Amino acid sequence: MGIVSDDALKHFKGLIDQATAKDEPLRKTFENMHQGYLMETLRRFLKAREGNVAKANKMLLDCLNWRIQSEIDNILAKPIIPSNMYRAVRDSQLIGLSGYSKEGLPVFAIGVGMSTFDKASVHYYVQSHIQINEYRDRVILPAATHKHGRYIGTCLKVLDMTGLKLSALNHIKLLTIISTIDDLNYPEKTDTYYIVNVPYIFSACWKVRVKRHLFSMAENVLTIWHMQIMDYSSLPHFSRREGSGSSKHSIPETDDCFSLDHGFHQKLYDFIKKESSMLQTVAPIKQGSFHVNFPEPNPEGSKIAQTIESEFHRLGDQNTLSKPLNGLRIGGD
């Protein structure tokens, strides 16, 4: 996508300054989003639109209006309740913070193949996903920046594809919604995707993104460690257990970063409950999901979904996708 020019960045800042100066809600949500790193945030949106100032300006303003309309600034004060509902979401939407890279970037693990998304409504899963995004941007990344004394604004993601089946077709709509929310409102937040336990068919669906991503085969599941990207202890549990696959089971809950009992999720949920308690004097917390306006899937996201679906159907009646590849590394968003 190239390097963003200083002139483009200056022009972009002028447009956003003008828009937020006369709109208080817009200014407040923008401040909450950039967390004091205004220029770095503008640079992300410019990169997402290949340096085109007009398109980046529209993208950012659309994002800010989405945040206002969907009350995203308050989403970390809206716990998924009761607690057994949140546990059900965590058990079926596998994601967690496993550690940090040697450069200080947070490492998020995602159990793509073993996530079932069958314990709650779409709204709960979208709410949970956005809450993790916001906690990452408002708490995790600022803390990493402070610790290392330099700006850290991206993370690494390790995607475990173990267990991916044809039934995943049922999740394409939800995953496309989540992907579109990320593309439009959290651009350039992932430095690199490391994809492990990859079914053979998976590589086909990434061909449509070849213009935006560089990817190459890894030698094995532990390649991330061998590449000295992170310490062994920061590898997700499924990478550290040889032959264990996704290992959602058979390991201590405190070691399984997908589990609600893992330290990351405990801190996240405690943070949300604390934030919500500060608002209860204004209005009592109601049960039910926090509804967020769903954006229309962008053309690229739809194309990916269509490619996945057509390739899955081409496999006929095979239940589990076979011929796993050992690993795949894909460059950042």
Side-chain angles (χ1 to χ4, degrees), residues 1 44 47 93-115 129 132-133 136-137 140-141 144 148 152-164 168 175 178-179 182-183 186-248 251 255-259 262 264 301 304 308 321 323-333:
M1 282 179 281
R44 286 195 295 109
K47 286 181 66 178
Q93 184 184 35
L94 305 183
I95 183 171
L97 178 70
S98 67
Y100 293 82
S101 74
K102 291 186 176 181
E103 294 185 349
L105 276 64
V107 179
F108 284 88
I110 303 173
V112 178
M114 299 293 284
S115 292
H129 179 80
I132 291 175
N133 279 357
R136 174 198 65 196
D137 294 350
I140 299 294
L141 291 174
H148 292 275
I152 295 178
T154 59
C155 64
L156 303 179
K157 290 183 179 177
V158 182
L159 278 60
D160 179 25
M161 310 304 288
T162 299
L164 193 63
L175 294 175
I178 289 175
S179 175
D182 284 354
D183 287 346
Y186 302 93
E188 306 295 329
K189 297 299 294 189
T190 304
D191 181 87
T192 307
Y193 290 93
Y194 294 94
I195 304 177
V196 299
N197 301 321
V198 188
Y200 175 77
I201 198 60
F202 181 77
S203 59
C205 73
W206 284 100
K207 291 179 181 178
V208 299
R209 304 193 75 173
V210 68
K211 292 183 179 180
R212 292 191 61 196
H213 294 283
L214 299 176
F215 61 92
S216 60
M217 298 307 305
E219 293 180 0
N220 52 54
V221 173
L222 295 179
T223 296
I224 307 170
W225 178 45
H226 293 158
M227 292 171 64
Q228 299 185 352
I229 300 298
M230 66 191 73
D231 292 331
Y232 189 81
S233 60
S234 290
L235 288 173
H237 53 278
F238 51 77
S239 294
R240 288 186 276 116
R241 300 283 181 137
E242 185 175 359
S244 64
S246 180
S247 69
K248 180 174 178 279
I251 65 170
D255 189 46
D256 182 348
C257 65
F258 295 153
S259 170
H262 186 269
F264 165 71
I304 292 172
I308 295 172
L321 302 181
K323 298 182 181 178
L325 301 175
N326 289 324
L328 187 68
R329 176 183 180 277
I330 301 178
D333 295 348

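What you see is a predicted model, and the numbers here were worked out from it, not measured in a lab. Reckoned from all heavy atoms, side chains included, excluding hydrogens, waters and symmetry mates.
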Determine, stepwise, if the pair Gln93 / Ile178 fulfils side-chain contact (heavy atoms from CB on, under 4.5 Å).
-> CA-CA 12 Å; Gln93 184 184 35; Ile178 289 175; 4.1 Å; yes
Does [X] reach the main-chain N or O of [Y] with its side chain, forming a donor-acceptor pair under 3.5 Å?
X: Arg44; Y: Glu188; answer: no
X: Ser98; Y: Cys257; answer: no
X: Ser101; Y: Glu103; answer: yes
X: Ser115; Y: Gly111; answer: yes

Is the shortest heavy-atom distance from the side chain of [X] to the side chain of [Y] under 4.5 Å?
X: Phe258; Y: Ile110; value: no
X: Val158; Y: Phe238; value: yes
X: Tyr194; Y: Leu235; value: no
X: Ile229; Y: Leu156; value: yes

Ile152 versus Gly104, closest heavy-atom pair with distance |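 Where Ile152 meets Gly104 most closely, the heavy atoms are CD1-O, 3.6 Å.
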Taking all atoms of both residues into account, what is the closest heavy-atom pair of Leu94 and Met114, and its distance?
->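 Scanning both residues, the minimum pair turns out to be CD1-CB, 3.6 Å.
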Let me see the working for Met230 and Leu105 under side-chain contact (heavy atoms from CB on, under 4.5 Å), right down to the final yes or no.
-> CA-CA 9 Å; Met230 66 191 73; Leu105 276 64; over 6 Å; no
Test Ile132 against Ile95 for side-chain contact (heavy atoms from CB on, under 4.5 Å), laying out the working first.
-> CA-CA 9 Å; Ile132 291 175; Ile95 183 171; 3.5 Å; yes
His262 and Asp255: side chain donor to acceptor below 3.5 Å |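 No, no side-chain donor-acceptor contact under 3.5 Å.
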List for me each residue that meets salt bridge (Lys or Arg N to Asp or Glu O under 4.0 Å) alongside Asp137, sequence neighbours excluded, and say none if there are none.
->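 Only Lys189 meet the salt bridge (Lys or Arg N to Asp or Glu O under 4.0 Å) criterion with Asp137.
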Please lay out, stage by stage, how Thr162 and Asp160 fare under the test side chain to side chain donor-acceptor pair (under 3.5 Å).
-> CA-CA 6 Å; Thr162 299; Asp160 179 25; 2.8 Å; yes
Calculate, to the nearest 0.5 Å, the distance between atoms CZ and OH belonging to Phe108 and Tyr193 respectively.
->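 One finds 12.0 Å between CZ of Phe108 and OH of Tyr193.
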